[in-house]
2 protein chains.
Amino acid sequence: MSTEKVFAALGDETRLELVRRLTVGGPQRTLDLVAGLEMSRQAATKHLEILEGAGLVKSEKSGREVLRSLDPEALDAAASWLAKRAMEWDDRLDRLKMMLESD
Amino acid sequence: MSTEKVFAALGDETRLELVRRLTVGGPQRTLDLVAGLEMSRQAATKHLEILEGAGLVKSEKSGREVLRSLDPEALDAAASWLAKRAMEWDDRLDRLKMMLESD
DNA sequence: ATATTATGCAATCAAGAGGTTGCATATGGA
DNA sequence: TCCATATGCAACCTCTTGATTGCATAATAT
């Protein structure tokens, strides 16, 4: 579950839309997810496999159907990565500000 | 500052490394940032421009040098996006769990 | 003034990403 | 059983991305 893979998976408008749909609509089949998107089922499948490869989506087979759902852990991990950097940077700016004020 | 652009910008190992270096080392010139990375200066410049296009990095010209630094706002925005989805999904799982337990 | 340093611009190239189509497979319903 | 449905697999194509090289420009140092 590399940070790079997670961000790369989310760096595509189609896949962001799929994540939104999974967030709102819960576990769904490929055909449900692709409905309304202007692309073939196979294109959507590839996107879902990329999201799965990044750990963002899990799939469960049920008969001839495959239900995909979001896995919040990878989302949390990516959010932490970002938050850590934002925090460290804010600290740096604060220290800089204090140094300037002490003159 | 689109969500997609931010994630796409972070979805590359080289650019993640540049963000790490900017987090730790503060504002730096292109040549400082590329030092140790096995790539040309121009390659690094392109990566930095992508980060800048996503709003993650700001650049300030000083004489013949260009100093690049992190902009924490975009990092915060992306972290919020992820946190929101993780939260919504956790709520969904909780509701599902309660429904199952009430049987 | 001249040389050095830091960067920008442009052409070029190989590899990968995103998409399509056609066919194969397997499950569910009539 | 027979047909419709949901998906997987694979070949193929185009456009984008990441990277390189060579040259131009502008600021600093000697």
Describe the nucleic acid contact of R29(A) in one word from base, sugar-phosphate, nothing, applying a heavy-atom distance below 4.0 Å.
->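 Contact class for R29(A): sugar-phosphate only.
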
DNA chain D: 5'-proximal contact among Q42(B) and H47(B) (nearest heavy atom) =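 Residue closer to the 5' terminus by nearest nucleotide: H47(B).
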
Give the cluster check for V19(A) versus I50(A): same hydrophobic cluster or not, with ILVMFWY residues linked at side-chain heavy-atom distances below 4.5 Å.
-> no

If you check every side-chain atom of R41(A), which of dG19(C), dA19(D), dG8(D) has the closest atom?
-> dG8(D)

From the candidates dT7(C), dT21(D), dT20(C), the one with an atom nearest any side-chain atom of S40(B) is dT21(D)

Please write out each protein N/O paired with an N/O of nucleotides 25-27 of chain D under 3.5 Å, distance rounded to 0.1 Å.
{"unit_1": "dA27(D)", "atom_1": "N3", "unit_2": "R64(B)", "atom_2": "NH1", "d": "3.2"}

Ring-face cation of R85(A) near W81(A) (centre distance under 6.0 Å, axis angle within 45°) = yes

Does the dG8(C) base have a donor-acceptor partner in the side chain of E49(B) within less than 3.5 Å?
-> no

Assess whether one donor atom and one acceptor atom, taken from the side chain of K46(A) and the base of dA17(C), lie less than 3.5 Å apart.
->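 Side chain to base: no pair present.
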
Under 4.0 Å between a Lys/Arg side-chain N and an Asp/Glu carboxylate O for E17(A) and R21(A)?
-> yes

Ionic contact status for R20(B) with E88(A), cut-off 4.0 Å | no

DNA chain C nearest-nucleotide lookup for L67(B) and R15(A): closer to the 5′ end is L67(B)

